[in-house]
K.L.:
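Below you will find the structure I want to go over with you.
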Number of protein chains: 2
Amino acid sequence: MAGSKAPPTIQEVAELAGVSKSTISRYFSGFPVRNPEQIRAAVERLGYRPNSAARDLKNGRTRTVGVAVRDLADLYFARILRAIGLASSEVGFHLLVADTSLTSERLAYETLRQRADGLILCAPQLDDSELESLVDDLRPVVIVDRLAPGVRAPQVGVDFYAAMLGLIAHTMDLGHRRIAYFAGPPRSWGDRERRRAFETAKTFGAIPTILEAADSDQLDAAINTALSDGTTAILSFDDFIASSTISRLRKLDVSVPDEISVTGFDDVGYASLSNPEITTVRTPLGDLGERAWSELRALIEGAEATATSVLLPAEVVVRASVAAIAKA
Amino acid sequence: MAGSKAPPTIQEVAELAGVSKSTISRYFSGFPVRNPEQIRAAVERLGYRPNSAARDLKNGRTRTVGVAVRDLADLYFARILRAIGLASSEVGFHLLVADTSLTSERLAYETLRQRADGLILCAPQLDDSELESLVDDLRPVVIVDRLAPGVRAPQVGVDFYAAMLGLIAHTMDLGHRRIAYFAGPPRSWGDRERRRAFETAKTFGAIPTILEAADSDQLDAAINTALSDGTTAILSFDDFIASSTISRLRKLDVSVPDEISVTGFDDVGYASLSNPEITTVRTPLGDLGERAWSELRALIEGAEATATSVLLPAEVVVRASVAAIAKA
DNA sequence: CTGAAAGCGCTAACAT
DNA sequence: ATGTTAGCGCTTTCAG
């Protein structure tokens, strides 16, 4: 035996303080009581701490928000998560987190939901129809960093399409036409939105090439292709790909931006510290989290679940990795 | 009214399936039952989900681990956190997280502990004596990324002292003697450990200067000092400071590593993508988290709390930001 | 302002 | 294998 005794209950505090359980309960709920000092002393002496399981059971709510992310150690998600945590803790909510990199998304959601009053799903990968059915028994739920048409839950995303268009416009202003898009996770909403921007850009005279670059081998291949097909600017899915690209280009003695321009996306940290500093898009991760929380909060408080979708704007951050195209 | 009905209880499932509550309970606990199919159907039909508050209350445990970190969006902590999350979820534990950047540490710990079976404190900033008293009523607790002598709880840290010594040895091998340490958070354990290494290095002929560099202004000042006092190598508290230093040096047209060498610490991401790639120390963040979890798990299962302290080794990663000293 | 009592949803003897 | 029953610790009517 480790000699660990059962923790004190409200009953024991009541006895020690010479009042009834109800009085102790009221004391903790902030109601006026006759002898607060006596109670405080008893609580202190016993090391009493309210049992939240009992409380939650009685109250029928947990004051906990469940958040599922694909990778806790990805700065992108970590920032969203922090924003949710800070915003929700302001109103006394706790943050229960699941990293879905190893478990199935479904399962993770299900178990999270069991201990939380509501869920925030970060960029769920499930396809729309699967998500649609899941969301029904997970409710209240809000989806963040993805738009899922048809799913009856608030969805808050970033206008990647417009932002990427902004990046394209910026490069085109500097004379670039043969632009390569170094794509990210193929089936993700974020990637699809960025691709749409290139479709649109054709109308304006851009000559885009889409190259997969989500993993290391693909990236090498993409760089080779870009280097040999007359590409003058590489627009990457995110800062990590941009950073890796620049680093590999350096090894090949190709200078950025003098010989080829490169852009990032998200502005998550490497971008401003790189050499050259990377021109990118500032994705409002904190706003994303805060907005997701406020939507969820409304739902928890009884609002009707609608398919509201919010698209936050993101702005281009011009730095040094894009230069005017060299005159041939 | 939002028309949200109370969620179904085990009782309703029992009635629908034509058995008693106990049978349903057993069904969910994996005991053999006569008619599993019927139960599954009832559960499905009602959309029943076990109420974990009730379960926790009855069982006297939450199967939740509480983790407090100073900044959820710092890759350093995020990696530790992920490791804890993955390891604990393997045995069915949930992860409750608190970001202590805004709240008082004490308060955050207290509220976390209320809903968790045990706590992992990440680099708590409280001083030893405060921590010592707190730990007593938080138990079971484990402290990670810091050693706090006198505190009766397992503590798992990284041997920063030895690692920094390794970095110093590496630079000295390349001829450097006038070495500047760009210090981090002044009162932190991690910073103190690194400083100790410089103390020791004097014995071997190093001529160290300690310069505060925790914020942007200090960093500028430190760089100016280093540039004018004959420093040939800058060893930074972490990769972020190293990266920022290199970036500022570049603006001053000082070449790294040709004119001055720079090292980082932790290897958290910027280090390998920088130009030049940064020589650093690989801090075993994942191991830190896993180890912390296994210590906590033992405590939760009834082990005696002792002041065990574990120091994990970290190795130097030689890259390109340190060069042999230029012959004067 | 306070106490008595009922019950939140679930589990675990105990008896069958 | 199943049903009955007694709480787990707390909040909240309801009476005083």
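Just so you know, these numbers use all the heavy atoms, side chains as well, and skip hydrogens, waters and symmetry mates. Numbered from 1 within each chain, the chains take letters A, B, ... in sequence-line order. All values reported here derive from a predicted model rather than from experimental measurement.
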K.L.:
Using the salt bridge (Lys or Arg N to Asp or Glu O under 4.0 Å) criterion, which residues pair with A:R49? Sequence neighbours excluded.
P.N.:
B:E110
K.L.:
Going by the side-chain contact (heavy atoms from CB on, under 4.5 Å) test, name the single residue among A:V19, A:T9, A:L16 that passes it with A:I24.
P.N.:
A:V19
K.L.:
For DNA chain D, which residues in residues 38-48 of chain A have a heavy atom at a distance below 4.0 Å?
P.N.:
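Contacts with DNA chain D under 4.0 Å: A:Y48.
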K.L.:
Take a 6.0 Å sphere around CD of A:Q11 and say whether it holds more than 12 heavy atoms from other residues, nucleotides or ligands.
P.N.:
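Yes - once you tally the heavy atoms of other residues, nucleotides and ligands closer than 6.0 Å, there are more than 12.
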K.L.:
By salt bridge (Lys or Arg N to Asp or Glu O under 4.0 Å), which residues pair with A:D137, not counting sequence neighbours?
P.N.:
none
K.L.:
Could you give the start and end, 5' to 3', of the contact zone on DNA chain D for chain B, using atoms under 4.0 Å from its heavy atoms?
P.N.:
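The contacted stretch runs from D:dA1 to D:dG9.
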K.L.:
Please identify which of these residues, B:T64, B:D56, B:T62, meets the side-chain contact (heavy atoms from CB on, under 4.5 Å) condition with B:D117.
P.N.:
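The residue from B:T64, B:D56, B:T62 that satisfies side-chain contact (heavy atoms from CB on, under 4.5 Å) with B:D117 turns out to be B:T62.
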K.L.:
With sequence neighbours left out, write down each residue that passes salt bridge (Lys or Arg N to Asp or Glu O under 4.0 Å) with A:R40, or none if nothing qualifies.
P.N.:
A:E37
K.L.:
Show me the pairs that pass salt bridge (charged side-chain N to carboxylate O under 4.0 Å, His left out) and involve residues 66-82 of chain B, at least two apart or across chains.
P.N.:
A:D71-B:R82, A:R82-B:D71
K.L.:
For A:F160, give me all partners under ring-ring contact (aromatic ring centres under 6.0 Å, His included), at least two apart in sequence or on another chain.
P.N.:
A:W189, A:F265
K.L.:
Taking 4.0 Å as the cut-off, does a side-chain nitrogen or oxygen of B:R55 come that near to OP1 or OP2 on C:dT11?
P.N.:
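Yes, within the criterion.
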K.L.:
Sequence neighbours left out, what passes ring-ring contact (aromatic ring centres under 6.0 Å, His included) with B:F28? Give chain and number order.
P.N.:
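Listed in chain order: B:Y48.
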K.L.:
Could you note down all residue pairs passing side-chain hydrogen bond (donor to acceptor under 3.5 Å, both in side chains) where residues 94-106 of chain B supplies at least one of them, sequence neighbours left out?
P.N.:
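Of all non-adjacent pairs touching residues 94-106 of chain B, those that pass side-chain hydrogen bond (donor to acceptor under 3.5 Å, both in side chains) are B:D99-B:S101, B:E105-B:Y109.
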K.L.:
What is the nucleic acid contact for A:D56, judged by heavy atoms within less than 4.0 Å: base, sugar-phosphate only, or nothing?
P.N.:
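Nothing: the residue A:D56, judged by heavy atoms under 4.0 Å, touches no strand.
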K.L.:
Give the rounded distance in Å between these two atoms: NZ of B:K58 and C1' of C:dA13.
P.N.:
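Atom NZ in B:K58 sits about 9 Å away from atom C1' in C:dA13.
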K.L.:
Scan A:V142, A:V141, A:V156, A:I84 and name whichever one has a side-chain contact (heavy atoms from CB on, under 4.5 Å) with A:L296.
P.N.:
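Among A:V142, A:V141, A:V156, A:I84, the one that satisfies the side-chain contact (heavy atoms from CB on, under 4.5 Å) with A:L296 is A:V142.
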K.L.:
Give the residues of residues 10-35 of chain B touching DNA chain C, defined as any heavy atom closer than 4.0 Å, sorted by residue number.
P.N.:
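DNA chain C contact set from residues 10-35 of chain B: B:I10, B:K21, B:S22, B:S25, B:R26.
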K.L.:
Could you check how far CZ of B:R63 sits from C1' of C:dC10, rounded to whole Å?
P.N.:
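So the two atoms are 16 Å apart, to the nearest Å.
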K.L.:
For the helix from C:dC1-D:dG16 to C:dT16-D:dA1, how many degrees between its two end axes (five pairs per end), to the nearest 10°?
P.N.:
30°
K.L.:
Just to verify, what does A:D266 make a salt bridge (Lys or Arg N to Asp or Glu O under 4.0 Å) with, not counting sequence neighbours?
P.N.:
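Salt bridge (Lys or Arg N to Asp or Glu O under 4.0 Å) check on A:D266 returns A:R194.
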K.L.:
Would you say A:R291's side chain and A:Q155's backbone share a donor-acceptor pair under 3.5 angstrom?
P.N.:
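A pair under 3.5 Å: no.
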